[in-house]
Amino acid sequence: MKFATWNVNSLAVRLPQLLDWLAANPVDALVLQETKLTDDKFPTLEIGEAGYQVQWFGQKTYNGVALLSKVAARDVVKNITGYADEQARLIAGTVATAAGDVRVIGGYFPNGQALDSDKFVYKMAWLDGLRAWLATELKTHDKLVLMGDFNIAPEDRDCYDPAAFVGQTHTSPQERAHFQALIDLGLTDAYRMFEQPPKSYSWWDYRMLGFQKNKGLRIDHILVSAGLKPLVTACTIDRQMRKLPKPSDHAPVIVTLGD
DNA sequence: ATGGTAGAATGTCTA
């Protein structure tokens, strides 16, 4: 069983890469972020022909998320219940797997832009809303996976130059406290369950040869509930995708449960 | 050193 997350940075541009990736990497469920498509433009036909059911939630120009699954997702929720949001940033559904029902949640967490920005205030409020809603989701879903672009590098080792990020977003104590609060709900960072290569990142800036110099951040995460954790056997970042022509600035992250 | 690239959209914002 596999679940994955990928910030595609425009599904219109990345659709051929997505279809190739799915053919090579069959998954039970995949969440996408930054589809940047209104719902009427969503490529349902192509994804269906690839053998996946899909739920989508988009808006014009920015944001937009989707949930692909082999089996149709049930009880689909768009955005955080209890947190009014103008932006399309979260989609959740229950997916039947060999291990039983799994609640799959895909999120495109706010970027925050700068610590003194209104967008950072929004990021903090969004994270408060997420935590409150997740607490209730966990009461009814023993097996839950929260995946997506968190826009938070949880530890210094998840940032290519922690000193350079002091005073900026993604590594701030406030953001890391929010990440820890999600962990404290009973979730586990699947990537850190295993020994991983040093300087492992999931995002690299398009500018200044970020990928070539491996100047990246690990901000795309897969958190598993206590009911799923014993099943997790691997978690990897598919950095090969960042090497392709016209890449997304993010690489997919994949978790394997069981064989 | 405050640049640089990519995407949506066609101004300029977001990342």
Side-chain angles (χ1 to χ4, degrees), chain A residues 5-21 31-43 46-47 56-66 79 85-91 106-127 130 147-154 158-172 174-176 178-179 201-221 237-253:
Chain A
T5 176
W6 190 24
N7 180 324
V8 292
N9 186 22
S10 168
L11 184 53
V13 173
R14 233 63 68 191
L15 182 60
Q17 289 185 15
L18 172 66
L19 298 176
D20 287 348
W21 191 87
V31 290
L32 304 177
Q33 302 88 41
E34 285 204 89
T35 55
K36 296 186 174 179
L37 290 171
T38 51
D39 287 342
D40 57 304
K41 302 266 177 48
F42 197 87
E46 292 88 341
I47 289 172
W56 61 97
F57 179 39
Q59 66 177 87
K60 188 178 162 77
T61 308
Y62 302 119
N63 309 311
V65 288
N79 269 351
D85 198 346
E86 299 287 311
Q87 305 183 23
R89 292 189 172 273
L90 185 137
I91 192 161
Y108 175 46
F109 294 36
N111 177 290
Q113 197 167 72
L115 297 185
D116 60 356
S117 164
D118 289 345
K119 295 187 178 68
F120 192 80
V121 176
Y122 167 61
K123 184 176 194 171
M124 296 293 105
W126 194 94
L127 285 160
L130 175 67
M147 308 186 278
D149 176 0
F150 284 51
N151 273 313
I152 301 172
D158 300 314
C159 175
Y160 70 92
D161 186 354
F165 273 74
V166 171
Q168 299 194 54
T169 55
H170 294 71
T171 62
S172 73
Q174 302 96 302
E175 289 160 283
R176 286 177 172 175
H178 270 291
F179 187 89
Y201 308 123
S202 65
W203 169 88
W204 301 260
D205 202 309
Y206 285 123
R207 299 166 291 188
M208 304 297 283
L209 301 172
F211 183 68
Q212 290 87 334
K213 295 178 178 174
N214 198 30
K215 289 187 168 184
L217 302 175
R218 191 177 71 93
I219 54 177
D220 300 270
H221 305 296
I237 299 171
D238 187 0
R239 67 194 307 280
Q240 294 302 116
M241 292 302 286
R242 190 61 174 77
K243 298 181 179 177
L244 296 176
K246 299 276 291 178
S248 167
D249 44 353
H250 295 254
V253 185

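By convention in this document, chain letters (A, B, ...) are assigned in the order of the sequence lines, proteins followed by strands, and residues within each chain are numbered from 1.
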Rounding to a whole Å, what distance do you find between A:Arg242:CZ and B:dA6:C1'?
10 Å
side-chain hydrogen bond (donor to acceptor under 3.5 Å, both in side chains) filter on A:Asp205, not counting sequence neighbours, yields A:Arg207
How far does the P atom of B:dG3 sit from the matching atom of B:dC13, given to the nearest Å?
15 Å
Take the protein atom CG of A:Asn63 and the nucleotide atom P of B:dT14, then report the distance between them rounded to whole Å.
10 Å
Nearest whole Å is fine: how far is B:dA15 P from A:Asp118 CG?
13 Å
For B:dT14 versus B:dG4, give the span between their C1' atoms, rounded off to a whole number of Å.
15 Å
Mapping A:Tyr108 and A:Asp205 to their closest nucleotides on DNA chain B, which lands nearer the 5' end?
A:Asp205
Consider the side chain of A:Tyr62, meaning its heavy atoms from C-beta on, and name the nucleotide among B:dA8, B:dA15, B:dC13 that approaches it most closely.
B:dC13
List the residues meeting side-chain contact (heavy atoms from CB on, under 4.5 Å) with A:Asp39, not counting sequence neighbours, and say none if there are none.
A:Trp56
Please give, in whole Å, the distance from B:dC13 P to A:Lys36 NZ?
15 Å
Considering residues at least two apart in sequence or located in another chain, which fulfil the side-chain contact (heavy atoms from CB on, under 4.5 Å) criterion with A:Lys60?
A:Thr38
Just how far, in rounded Å, is C1' of B:dT14 from CZ of A:Phe109?
19 Å
Among B:dG7, B:dA9, B:dA15, which is the nearest nucleotide to the side chain of A:Arg14?
B:dG7
Can you list the residues that meet the side-chain hydrogen bond (donor to acceptor under 3.5 Å, both in side chains) rule with A:Arg176, with sequence neighbours excluded?
A:Asp156
Short side-chain N/O contact from A:Lys246 to OP1 or OP2 of B:dG7, under 4.0 Å
yes
Whole Å only: how far is the CG atom of A:Asn7 from the C1' atom of B:dA6?
12 Å
Heavy-atom nearest pair, A:Asn63 first then A:Ala88, reads CB-O, 3.3 Å
Using atom P of each nucleotide, how far apart are B:dA9 and B:dA15 to the nearest Å?
15 Å
Could you state the atom-to-atom distance from OH of A:Tyr122 to P of B:dT14 in whole Å?
12 Å
Nearest-Å distance for atom pair NE2/C1', residues A:His250 and B:dA15:
8 Å
Most 5' of A:Gln113 and A:Asn9 on DNA chain B, judged by nearest nucleotide
A:Asn9
Donor-acceptor check, side chain of A:Arg89 to backbone of A:Tyr108, threshold 3.5 angstrom: yes or no?
yes
Residue-level proximity of residues 206-219 of chain A to DNA chain B when a heavy atom falls under 4.0 Å
A:Tyr206, A:Arg207, A:Met208
Can you name the residues that form a side-chain hydrogen bond (donor to acceptor under 3.5 Å, both in side chains) with A:Asn151, not counting sequence neighbours?
A:His170
